[in-house]
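Step one of this worksheet: look at the structure below.
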Amino acid sequence: MDAITRARRLCRWVLVSFLVLVWFMLALLVVSEIAQGKAQWWRLGPALVAVVVFSRYYLRILDAALESRYATREVVVSGALAVFAAVIGGGDPIGWGMVTMAWLSVATVGVPLWRAVWISVGTFVVAVGIGVAGVLTGYSLMIDGRDEPEVSIVFLVLIYTIMCASFPPSNRLWVWIYRLALQAHEGREAHARLAVAEERLRFARDLHDLVGHQLSAIAVKTELAVRLSDANTPAAKAEMAEVNALTRKALRELRQAVRGYRELDLPAELESVRSVLEAAGVRCELRLPHRDLPGEVRPVFAYAVREAVTNVLKHSSATFCDITLRFTTEVAELLVRNDGVVRRQAADLGSGLSGLGERLAAIGGELSAQPTGDGHFALHAVVSLPIRG
């Protein structure tokens, strides 16, 4: 049994206890009347039947309240049954009048506070009216041994006042606590689902970056090694050694991505992409600042460089690629330009650039990647400094 089921069961038992109290008081009253020979079955019979049917509707109202619904029809019918039982029984607050108090305890659950107050006031007026009528007609047990009915009426009003002021807030509080627990449980489940979704997105993004870039680099290196295999065997062996190193690096980064601890190093990534571009016959020029970028920016710009170069290798026929990094105290910028034109539409950034945009957005940055109109393609990443969060 989970925590929510236990909380629901506890709340239900607390609310059912009001109905149990009603039956306990009625049982004592009926047994007392029978023992004293005062039982009037023409009154007790219909009243007991009304309370039996009332109990069934009471439980329905209770279940609806725990499901955040308001059973209007059941509330109306059970209210009429409670008044009927109280009228026939005499309306004692410690007897048949308890049925109206039990009704009040659930009828005010799940409604606005102002409506609950009006229901309580209305129930108080009806219950006191029935009780006073019982005292004046002699059906009420509160007049036994008393010569002055005014004293009984005062006690009756006092008891009903206490009940009408305490029963509704008590039940409303219990149901409110249960709903808070339910909302907290649902929020925790939603948080868990969100965490799983974010982890899937992170893994898919990292896997795309790894597979896309490393496979592109391996393809370029192996193609170059094939061309050099006959003319320059030592050079071909050197390229295959780099392929081997790239494969091991891809495997290592893939394991890091699975563990969730993957973070690229910007200087190492710049050297790596320059090597891959030059092996593919693309002239690469780096324009770097004299100082290191802030620590929060470096990994994201490393991903940006990797994604840009991967697209150069896969989607363009570039002959050169310029990578420029610059930053001030207010902004850090990355610009990657090449003279190839991507075959996909500028508006379709693809999963790699979309994921990169998400990485930049997470640190308050922006990304643009589109043709410049002069046969060049530019990827521009901007991050405001200092990074907040």
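Without hydrogens or angle criteria, R326 side chain to P289 main chain gives no donor-acceptor distance under 3.5 Å. With hydrogens and angles ignored, the 3.5 Å screen pairs a side-chain donor or acceptor of D339 with a backbone N or O of F320. A donor-acceptor contact shorter than 3.5 Å is absent between the side chain of S275 and the backbone of E271. In terms of modelled atom types and a separation under 3.5 Å, the side chain of R359 and the main chain of F301 share no donor-acceptor contact. No donor-acceptor pair under 3.5 Å is formed between the side chain of S272 and the backbone N or O of A268. Distance alone, capped at 3.5 Å, places no donor-acceptor pair between the S170 side chain and the F167 backbone.
A heavy-atom distance below 4.5 Å is found between the side chains of T328 and V331. When side chains are defined from C-beta on, E269 does not count as touching V309, because their heavy atoms never get closer than 4.5 Å. Two residues are said to be in side-chain contact when any heavy atoms from C-beta on lie closer than 4.5 Å; L104 and S120 meet this criterion. M98 places none of its side-chain heavy atoms less than 4.5 Å from the side chain of L26. Between R8 and E67, the closest side-chain pair of non-hydrogen atoms falls below 4.5 Å. Taking 4.5 Å as the limit, some side-chain heavy atom of S78 sits within range of a side-chain heavy atom of F54. L385 places none of its side-chain heavy atoms less than 4.5 Å from the side chain of T329. F155 is not listed as a side-chain neighbour of I94, based on a closest heavy-atom distance of 4.5 Å or more.
Here the closest non-hydrogen pair linking A47 and A85 is O-CB, 4.2 Å. Between A369 and F377, the shortest heavy-atom distance links the atoms C-CZ, 3.7 Å. For the pair P169 and S166, the tightest heavy-atom approach, listed with the atom from each and the gap, is CD-O, 3.4 Å. S55 and L19 get closest at one heavy-atom pair: OG-CD1, 3.6 Å. Looking at every heavy atom in both residues, P46 comes nearest to F84 through O-CE2, 3.8 Å. Closest of all the heavy-atom pairs between T108 and A116 is CG2-O, 3.7 Å.
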As a quick check of understanding, evaluate side chain to side chain contact (heavy atoms under 4.5 Å, CB included) for C11 and L66, giving each step before the final call. CA-CA 8 Å; C11 184; L66 293 177; 3.7 Å; yes
Before you tell me yes or no, could you show the steps for F18 and M101 under side chain to side chain contact (heavy atoms under 4.5 Å, CB included), namely the whole-Å CA-CA distance, both residues' side-chain angles and the distance that decides it to 0.1 Å? CA-CA 9 Å; F18 282 86; M101 295 298 99; over 6 Å; no
For a side chain to side chain contact (heavy atoms under 4.5 Å, CB included) check, start with the C-alpha distance between V282 and T319, then their side-chain angles and the critical distance, and finish with the verdict. CA-CA 5 Å; V282 179; T319 61; over 6 Å; no
Begin from the C-alpha positions of N338 and D322 and carry the test side chain to side chain contact (heavy atoms under 4.5 Å, CB included) through to its verdict. CA-CA 6 Å; N338 66 84; D322 291 341; over 6 Å; no
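To the nearest 0.5 angstrom, L21 atom CG is 8.0 Å from F24 atom CZ. Summarising the geometry, atom CD1 belonging to I323 is positioned 6.0 Å from atom CG belonging to L270; distances are rounded to the nearest 0.5 Å. Distance check, rounded to the nearest 0.5 Å: NE2 of H380 to CG of L334 gives 8.0 Å. Remark: L15 CG to L10 CG distance equals 9.5 Å, nearest 0.5 Å. Residue E285 holds its CD atom at 12.5 Å from CG of L277, rounded to the nearest 0.5 Å. Atoms CD1 and CD1, from I88 and I130 in turn, are 10.5 Å apart once rounded to the nearest 0.5 Å.
L367 pairs with exactly one of V382, V300, L379 by the side-chain contact (heavy atoms from CB on, under 4.5 Å) rule, that one being L379.
Other residues, nucleotides and ligands place more than 12 heavy atoms under 6.0 Å from the CH2 atom of W23. Within a 6.0 Å radius of OH in Y70, other residues, nucleotides and ligands contribute more than 12 heavy atoms. The environment of CD in E278 is crowded: more than 12 heavy-atom neighbours from other residues, nucleotides or ligands sit within 6.0 Å.
Connection of V106 to V76 is not established within any shared hydrophobic cluster, with ILVMFWY side chains joined at heavy-atom distances below 4.5 Å, either directly or through further cluster members. In terms of hydrophobic clustering, with Ile, Leu, Val, Met, Phe, Trp and Tyr side chains grouped at heavy-atom distances under 4.5 Å, L335 and F327 are assigned to different clusters. Under a hydrophobic clustering in which Ile, Leu, Val, Met, Phe, Trp and Tyr are joined whenever their side-chain heavy atoms come within less than 4.5 Å, directly or via other members, I61 and W174 fall into different clusters. Grouping the Ile, Leu, Val, Met, Phe, Trp and Tyr side chains by contacts below 4.5 angstrom, directly or via other members, places W96 with V52. V126 and V121 are not part of a single hydrophobic cluster, where members link through side-chain heavy atoms under 4.5 Å apart.
In this structure, R60 satisfies the cation-pi test against Y57, with its NZ or CZ atom closer than 6.0 Å to the six-membered ring centre and inside 45 degrees of the ring normal.
Salt bridge annotation for R298-D292: absent, with no cationic side-chain nitrogen under 4.0 angstrom from a carboxylate oxygen. Between D63 and R69, none of the side-chain N atoms (NZ, or NE/NH1/NH2) sits under 4.0 Å from a carboxylate O, so this pair counts as no salt bridge.
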